[in-house]
There are 2 protein chains.
Amino acid sequence: MTARTPDSARDIPEATVARLPVYLRALIGLAEDGTTTCSSEELAASAGVNSAKLRKDLSYLGSYGTRGVGYDVEYLRYQIAREIGVTHDWPVVIVGIGNLGHALANYSGFRSRGFRVVALLDADPSRHDEVVAGLDVRSFEELESIVTEHDVSIGVIATPAVAAQAVADRMVAAGITSILNFAPSVLAVPEGVDVRKVDLSIELQILAYHEQRKSVGTGAEGVS
Amino acid sequence: MTARTPDSARDIPEATVARLPVYLRALIGLAEDGTTTCSSEELAASAGVNSAKLRKDLSYLGSYGTRGVGYDVEYLRYQIAREIGVTHDWPVVIVGIGNLGHALANYSGFRSRGFRVVALLDADPSRHDEVVAGLDVRSFEELESIVTEHDVSIGVIATPAVAAQAVADRMVAAGITSILNFAPSVLAVPEGVDVRKVDLSIELQILAYHEQRKSVGTGAEGVS
DNA sequence: CCCGTTTTGTTCTCCCGTTCACAAACTCCT
DNA sequence: AGGAGTTTGTGAACGGGAGAACAAAACGGG
Ligand SMILES: NC(=O)c1ccc[n+]([C@@H]2O[C@H](COP(=O)([O-])OP(=O)(O)OC[C@H]3O[C@@H](n4cnc5c(N)ncnc54)[C@H](O)[C@@H]3O)[C@@H](O)[C@H]2O)c1
Ligand SMILES: NC(=O)c1ccc[n+]([C@@H]2O[C@H](COP(=O)([O-])OP(=O)(O)OC[C@H]3O[C@@H](n4cnc5c(N)ncnc54)[C@H](O)[C@@H]3O)[C@@H](O)[C@H]2O)c1
């Protein structure tokens with residue numbers, strides 16, 4: 001049975017969870033523009049969604065708005081950040097410091113959005129001399145000690161596809177419970193470990209599918 | 001009743017479209033292993049999905065299997081590739097050749113999966129000397145002529161977020177109708193233009209949310 | 001040639017997510 | 001203070017997708 005959870009721990013729909021970061025980013029943008037209050041309509045426009053959907057999403061977190069007025073930008077921003085869990089930084093390790101790994105290591109958006117890269121690992125010894133974004137590239141063998149030392153629970157895989165499953169297995173064994181996978185491969189992981197994949201080719205192929213259909217439409221298909 | 005409409009009756013659900021590239025990749029993997037025939041069960045396992053879902057997805061394309069036998073790997077592979085539209089290469093331009101743009105330009109997966117990078121563009125003149133992955137980095141001003149010359153319909157944005165909307169506008173004006181956006185910003189585009197976004201921070205924050213919930217029992221940090 | 005086995009293609013049901021529409025709640029103005 | 005004007009929060013309808021279950025089709029063995 002599920003443990004009864006005191007007061008928070010309502011279960012937020014997955015689709016809503018996926019949009020909370022978008023709202024958070026929109027709120028940060030509004031705050032930087034000096035906006036202190038916003039309506040659901042304005043925030044929805046900034047986030048690129050329907051305002052009814054936005055309100056329903058926010059209602060899962062609680063009643064943080066004021067009817068007739070709107071939302072306090074700073075307050076809502078904090079509440080969403082707290083709900084997502086990015087009021088403090090999460091330590092992250094990146095494995096596979098090739099083309100993509102370099103870009104990720106140099107990505108400044110990590111720090112500002114609740115994450116801190118604590119180690120860069122690669123299996124290729126010739127990479128171990130290198131310093132990327134102020135961090136040594138270290139041996140993949142150090143994974144376990146680094147995970148333990150920094151209490152890392154999130155790992156990023158940027159190795160070739162053939163190595164991805166083995167890297168994931170090592171990560172899981174070391175105690176990592178969330179994996180972001182950039183390699184184009186299907187990962188098998190135990191229950192309780194979350195995997196999300198980012199796959200450039202799939203995104204492009206989805207675009208290609210729709211693109212192909214657009215050009216078919218130029219020849220009029222007279223149903224109607 | 002669906003009459004057998006070999007080319008027209010395509011109303012493929014979006015969720016299915018998003019999985020077709022995964023099936024295609026699984027089939028390529030099977031073919032490389034020398035497998036000539038596979039059941040829906042095997043293919044589903046390779047693709048990491050439920051076999052019923054796989055069969056239903058494939059049924060939208062047509063009846064390409066043989067009952068009691070399974071699917072011919074090469075034949076199904078071709079049919080899916082044709083449906084997605086990657087039997088020939090799509091020309092692609094990448095705008096913003098910074099950290100991420102370099103990685104993308106060097107990514108070999110483009111060629112092998114139905115895409116061909118025809119130009120790398122950047123607004124920064126100091127980058128124009130560079131040659132990346134055998135291509136000159138060219139001025140963003142050349143966008144229109146390149147799009148026209150190569151009949152490009154797909155563009156990739158890898159610029160900072162502040163520049164993304166302006167780049168998208170120029171792309172659309174130049175005739176591009178599909179955009180893959182790596183910048184963390186919401187793009188507004190006209191009807192008929194498809195945008196897909198890849199957002200590292202959002203993926204990590206979704207993982208963080210679930211990670212936070214996992215550790216609810218273990219002594220929360222900073223819960224006030 | 002016929003029957004049992006295998007596996008597809010499809011139907012049916014359930015669940016999740018989206019959207020509409022509106023009552024409740026708050027502010028401001030007179 | 002009271003009413004008019006706003007805007008939130010949510011109940012309900014709707015549509016699409018996931019998964020179980022099964023009938024139809026192909027193959028092989030006797
Ligand atoms: N480059 C891109 O833009 C891009 C885009 C989309 C997807 N990807 C995918 O991301 C992955 C990495 O791409 P890349 O271009 O950086 O490749 P790359 O070959 O440049 O880098 C891979 C790195 O992983 C290291 N590595 C290999 N096996 C390892 C192991 N077992 N443990 C630890 N490290 C290991 C290699 O030493 C190398 O440094 C690939 O799977 C690729 O398909 C890349
Ligand atoms: N580096 C990563 O791993 C990573 C990960 C996720 C998202 N992103 C996002 O991808 C984008 C690029 O990241 P990056 O690290 O490569 O940044 P970067 O600063 O290294 O590169 C950006 C490039 O875009 C060019 N540019 C700026 N304005 C332009 C314009 N108007 N037209 C054409 N080119 C222009 C710049 O000259 C520069 O070369 C950013 O939006 C970033 O948030 C990067």
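Here is how names work: the chains are called A, B, and so on, in the same order as the sequence lines, proteins then strands, and each is numbered from 1. Below, all heavy atoms of this structure are taken into account, side chains as well, without hydrogens, waters or symmetry copies.
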Check nucleotides 11-19 of chain D for protein N or O atoms closer than 3.5 Å to its own N or O atoms and list the pairs.
residue, atom, partner, partner atom, Å
dG11(D), O6, Lys56(A), NZ, 3.4
dA12(D), N6, Lys56(A), NZ, 2.9
dA18(D), OP1, Arg19(B), NH1, 2.9
dA18(D), OP2, Arg19(B), NH2, 2.9
dG19(D), OP2, Lys53(B), NZ, 3.2
dG19(D), O6, Lys56(B), NZ, 2.4

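- Listed by first then second residue, pairs satisfying salt bridge (charged side-chain N to carboxylate O under 4.0 Å, His left out) with a partner in residues 55-81 of chain A read Arg19(A)-Asp57(A), Glu74(A)-Arg77(A), not counting sequence neighbours.
- Residues Ser46(A) and Ala26(A) share a closest heavy-atom pair of CB-CB, 3.8 Å.
- Every residue meeting the side-chain contact (heavy atoms from CB on, under 4.5 Å) condition with Val172(B), not counting sequence neighbours, appears here in chain and number order: Ile179(B), Val189(B), Pro190(B), Val193(B).
- Interface residues of residues 40-48 of chain B facing DNA chain D, ordered by number: none; criterion, heavy-atom separation under 4.0 Å.
- Checking His210(B) against Glu14(A) by side-chain atom types alone, a donor-acceptor pair falls below 3.5 Å.
- For the OP1/OP2 pair of dC26(C) and a distance below 4.0 Å, the side-chain nitrogens and oxygens of Tyr71(A) include no atom meeting the criterion.
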Protein heavy-atom contacts under 4.0 Å, written 5' to 3' over nucleotides 23-30 of chain D as B (base), S (sugar-phosphate only) or - (none), form the string -BBSS---
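- Identified under the ring pair (Phe, Tyr, Trp, His ring centres under 6.0 Å) test for residues 66-87 of chain B, with sequence neighbours left out: Tyr64(B)-Tyr75(B).
- Take Ala173(A) and apply the side-chain contact (heavy atoms from CB on, under 4.5 Å) test, not counting sequence neighbours, and it matches no residue.
- Between the CG atom of Leu76(A) and the P atom of dT8(D) there is a distance of 11 Å, given to the nearest Å.
- Listed for the Asp33(B) side chain is no donor-acceptor partner under 3.5 Å among the backbone atoms of Thr35(B).
- When each of Lys197(A), Arg196(A), Arg113(A) is paired with Glu203(B), the salt bridge (Lys or Arg N to Asp or Glu O under 4.0 Å) condition holds for Arg196(A) and for no other.
- Annotation: side-chain contact (heavy atoms from CB on, under 4.5 Å) contacts of Ala174(B) (sequence neighbours excluded): Leu143(B), Glu144(B), Val147(B).
- Under the ring-ring contact (aromatic ring centres under 6.0 Å, His included) criterion, Phe110(B) pairs with Tyr107(B), sequence neighbours left out.
- Taking only side-chain atoms of Ser39(A), from C-beta outward, the nucleotide of dT10(C), dT7(D), dG9(D) with the closest atom is dT7(D).
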Extract all donor-acceptor atom pairs below 3.5 Å that involve side chains of residues 180-188 of chain B and protein atoms in other chains or at least two apart in sequence.
residue, atom, partner, partner atom, Å
Asn181(B), OD1, Ala183(B), N, 3.0
Asn181(B), ND2, Ala183(B), O, 3.2
Asn181(B), ND2, Ser185(B), O, 3.2

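- By the side-chain contact (heavy atoms from CB on, under 4.5 Å) test, Ala166(A) pairs with no residue at all, sequence neighbours left out.
- Taking the C1' atoms of five terminal pairs at each end of the helix from dC1(C)-dG30(D) to dT30(C)-dA1(D), the two resulting helix axes are inclined by 0°, rounded to 10°.
- When every heavy atom of Leu27(B) is checked against every heavy atom of Cys38(B), the shortest pair comes out as CD2-SG, 4.4 Å.
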